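Heads up, the thing below is written out as structure tokens.
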Amino acid sequence: MNSMKKAVRLRFAPSPTGPLHIGGVRTALFNFLFVKKHQGTLLLRIEDTDRSRYQEGAEAYIRESLEWCGIQFDEGPYRQSDRQEIYRQHVGKLLDAEYAYYAFDTVEDLDRMREEEKEKGNHVPKYDAKTRMQMKNSLTLSPEEVERRLASGDPYTIRLRMPEEGEISFDDAVRGEVSFATRELDDKIIMKSDGWPTYHLANVIDDYTMEISHVIRGEEWLSSTAHHIYMYRGFGWEDHIPQFAHIPLILKPSGKGKLSKRDGQKFGFPVFPMAWKNREKAEDNFEGFDSFGFSPAAVINFLAFLGWNPGTEQEIFSMEQLIEAFSLKQVAKSGAKFDFDKARWFNQQHLQDQAPEQFLQGALPFLKQAGIETDGHARLSEILGLVQPRVHTYQEVPTACHFFYSDRFELDVKTIRKRWKPEIKPHFEALTKQLSELPDFESSSIKVFVSAYLAEHGLSFGQMLPLLRVALTGAAAGPDLFKIMELLGREEVFPRFARAPGQFEAQGT
RNA sequence: GGCCCGUUCGUCUAGGGGUUAGGACGCCGGGUUUUCAUCCCGGUAACAGGGGUUCGAAUCCCCUACGGGCUGCCA
């Protein structure tokens with residue numbers, strides 16, 4: 001460790017193999033929060049060394065999603081596919097230092113070795129200090145043979161030669177000291193036979209050349225960190241090993257294992273920030289938090305609390321507040337199960353805090369999608385004002401206010417059965433008739449009038465109001481009934497009241 | 001199987017030698033002289049087990065159990 005103060009530079013390094021899932025977004029978020037907290041630099045690096053898994057549009061998706069979330073980069077994107085030459089040059093140093101060697105084994109050779117080892121009782125055989133001397137590589141072949149194979153263009157990989165003796169340990173910012181015996185570690189391929197580096201090599205070279213000071217990444221990388229550190233040694237970069245912070249994984253809500261792409265459909269919630277659609281195969285289309293009606297601020301807030309918390313009792317945070325409060329010391333060590341109910345609650349809290357105009361903008365696409373034509377309706381803001389405090393997602397908005405735009409809806413049968421009594425019917429008719437003669441059709445006047453009528457006839461709100469509500473909206477629940485009447489206006493209210501008794505009776509008692 | 005990491009209410013977590021073990025989600029119950037999907041109030045519920053260390057362990061150590069990750073010419 002050198003004591004020179006390094007500039008705070010972090011990277012988020014996704015692989016463009018499909019839409020970025022919520023775990024990746026959280027990793028990006030923690031990187032972002034840390035960088036902003038320390039006035040550092042965040043860069044985006046696209047790890048596209050696996051051409052076979054490359055997906056068109058994935059990089060654009062990653063950038064759009066992160067932008068939607070409010071996560072910005074100061075540099076990049078850098079693409080590993082543009083840096084092939086850099087990796088080639090560097091790997092030579094590892095070869096020269098005998099930290100790496102050529103391996104000529106075919107996929108079949110490897111399969112055979114694994115089979116044979118298994119038969120010998122080695123349950124999960126590795127290409128390592130124990131087995132490498134049985135394989136075809138520059139450690140077992142004569143220098144002339146190696147030379148010949150290289151010259152003749154035989155396919156080869158380059159493997160990291162992990163020493164048989166020794167320990168590699170490091171101080172992880174969330175887990176403390178972690179150490180590995182090198183003899184337990186396999187000789188990872190760092191350069192593939194197609195000429196591309198694997199993650200392990202590219203990642204180390206890039207982090208060094210891009211002067212990365214801290215690596216915040218998922219716990220799935222913890223096991224290979226010793227390999228990475230070993231490469232820093234081989235390159236002579238020991239003084240430039242970044243501070244590692246391995247953050248806990250996001251787990252499935254039920255069952256076991258880390259949250260995966262398919263869990264969205266399985267459990268009925270989004271696992272991607274934005275929808276990923278219009279793919280050829282139906283099963284490759286995914287919903288997103290956006291299409292579920294979430295505000296990005298809520299998604300961020302929810303994600304931040306999966307594996308981190310400020311140590312205070314505050315739960316609702318803006319991005320600015322998260323930056324202010326964030327610290328790696330408060331990151332939990334254990335995996336966190338994804339809890340969609342909690343996500344909905346965060347969203348509801350954020351929606352309630354929104355300015356009316358912001359809420360309207362968020363809700364608009366969902367209204368359109370539901371076929372509600374809002375253009376030219378001056379009362380939209382008022383309607384949304386009634387709805388905003390009651391919804392958990394934008395998605396609920398159309399259902400919550402469709403009756404303002406249409407008088408065709410299902411009636412809540414339960415309420416009708418419970419409340420529609422023969423002795424109520426005359427009062428329903430008399431009350432609505434007298435209401436129609438009210439000179440001032442404004443919620444407070446309506447309320448005064450209705451209250452007086454009920455009091456005069458010894459009826460409770462509970463006997464009458466649910467019926468009025470079902471007549472007007474179809475539903476048993478919703479915003480203040482008198483406000484609804486005012487906004488609906490007489491010309492909508494009274495026809496609905498007039499037809500109601502017939503509809504109620506048709507529903508049967 | 002091996003290695004690494006972890007384990008506080010059902011879930012997310014606070015707490016790091018002495019606490020009535022706190023909060024939030026969910027759930028349940030009340031209230032808002034109407035509904036409830038809002039809001040308010042209240043309630044239920046946890047230190048995985050066993051050994052140490054200590055006057056005293058949820059907190060420190062060890063073991064076991066359980067969970068997760070890795071164990072690919074994927075990242």
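Just so you know, these numbers come straight off a predicted model, no measurement behind them. Lettering of chains follows the sequences in order, A, B, ..., and the numbering in each one begins at 1.
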Can you find a side chain N or O atom of [X] that sits less than 4.0 Å from OP1 or OP2 on [N]?
{"X": "A:Lys258", "N": "B:rG67", "value": "no"}
{"X": "A:Lys337", "N": "B:rG10", "value": "no"}
{"X": "A:Lys188", "N": "B:rU71", "value": "no"}

field: d(CD, A:Gln352; P, B:rU38) in whole Å
entry: 9 Å

message: Without decimals, in angstroms, what is the distance between A:Leu110 CG and B:rC74 P?
response: 11 Å

Base, sugar-phosphate or nothing for [X]? Non-hydrogen atoms, less than 4.0 Å.
{"X": "A:Gln348", "answer": "sugar-phosphate"}
{"X": "A:Phe305", "answer": "sugar-phosphate"}
{"X": "A:His246", "answer": "nothing"}
{"X": "A:Asp172", "answer": "nothing"}
{"X": "A:Trp196", "answer": "nothing"}
{"X": "A:Asp480", "answer": "base"}
{"X": "A:Arg114", "answer": "sugar-phosphate"}
{"X": "A:Thr49", "answer": "sugar-phosphate"}
{"X": "A:Gly478", "answer": "base"}
{"X": "A:Ser460", "answer": "nothing"}
{"X": "A:Ser223", "answer": "base"}
{"X": "A:Val178", "answer": "sugar-phosphate"}
{"X": "A:Ser193", "answer": "base"}
{"X": "A:Arg175", "answer": "sugar-phosphate"}

query: Taking the nucleotide of RNA chain B with the closest heavy atom to each, which residue, A:His200 or A:Pro248, is nearer the 5' end?
result: A:Pro248

query: Of A:Glu220 and A:Trp345, whose closest RNA chain B nucleotide lies nearer the 5' terminus?
result: A:Trp345

Write down the distance separating the [atom1] atoms in [N] and [M], rounded off to the nearest Å.
{"N": "B:rG1", "M": "B:rC62", "atom1": "C1'", "answer": "24 Å"}
{"N": "B:rA24", "M": "B:rA14", "atom1": "P", "answer": "15 Å"}
{"N": "B:rC3", "M": "B:rU11", "atom1": "P", "answer": "29 Å"}
{"N": "B:rG22", "M": "B:rU64", "atom1": "C1'", "answer": "31 Å"}
{"N": "B:rG26", "M": "B:rU44", "atom1": "C1'", "answer": "12 Å"}
{"N": "B:rG52", "M": "B:rC66", "atom1": "P", "answer": "23 Å"}
{"N": "B:rG30", "M": "B:rA46", "atom1": "C1'", "answer": "26 Å"}
{"N": "B:rG23", "M": "B:rA45", "atom1": "C1'", "answer": "14 Å"}

Partner of [N] by Watson-Crick or G-U wobble geometry, both contacts under 3.5 Å, or none?
{"N": "B:rC9", "value": "none"}
{"N": "B:rA46", "value": "none"}
{"N": "B:rA21", "value": "none"}
{"N": "B:rC60", "value": "B:rG52"}
{"N": "B:rG72", "value": "none"}
{"N": "B:rA37", "value": "none"}

- prompt: Looking only at heavy atoms, which two atoms of A:Ile46 and A:Pro77 are closest? And how far apart?
  reply: CG1-CB, 4.0 Å

When you get a sec, tell me which of [options] is the closest nucleotide to the side chain of [X]?
{"X": "A:Thr157", "options": "B:rU34, B:rC74, B:rC73", "answer": "B:rC73"}
{"X": "A:Glu219", "options": "B:rU7, B:rG68, B:rA14", "answer": "B:rG68"}
{"X": "A:Ala477", "options": "B:rA37, B:rG68, B:rA14", "answer": "B:rA37"}
{"X": "A:Phe180", "options": "B:rA24, B:rC3, B:rG69", "answer": "B:rC3"}
{"X": "A:His392", "options": "B:rU13, B:rG68, B:rU38", "answer": "B:rU38"}
{"X": "A:Trp221", "options": "B:rC4, B:rA75, B:rU7", "answer": "B:rA75"}

field: Face-on cation placement of A:Arg26 at A:Phe30 ring, 6.0 Å and 45° thresholds
entry: yes

- request: Begin from the C-alpha positions of A:Glu442 and A:Lys483 and carry the test salt bridge (charged side-chain N to carboxylate O under 4.0 Å, His left out) through to its verdict.
  value: CA-CA 8 Å; A:Glu442 190 258 324; A:Lys483 281 271 187 239; 5.5 Å; no

query: Centres of the A:Trp276 and A:Tyr61 rings: under 6.0 Å?
result: yes

- prompt: Do A:Phe289 and A:Phe269 have ring centroids that are under 6.0 Å from one another?
  reply: no

message: side chain to side chain contact (heavy atoms under 4.5 Å, CB included), that's the test. Do A:Gln352 and A:Phe359 meet it? Break it down for me.
response: CA-CA 8 Å; A:Gln352 288 192 18; A:Phe359 180 75; over 6 Å; no

message: Any carboxylate oxygen within less than 4.0 angstrom of a Lys/Arg side-chain nitrogen, looking at A:Arg63 and A:Glu59?
response: yes

query: Charged N to carboxylate O below 4.0 Å: is that the case for A:Lys130 and A:Glu164?
result: no

task: Among A:His227, A:Arg132, A:Arg161, A:Arg159, find the one that has a side-chain hydrogen bond (donor to acceptor under 3.5 Å, both in side chains) with A:Asp187.
output: A:Arg132

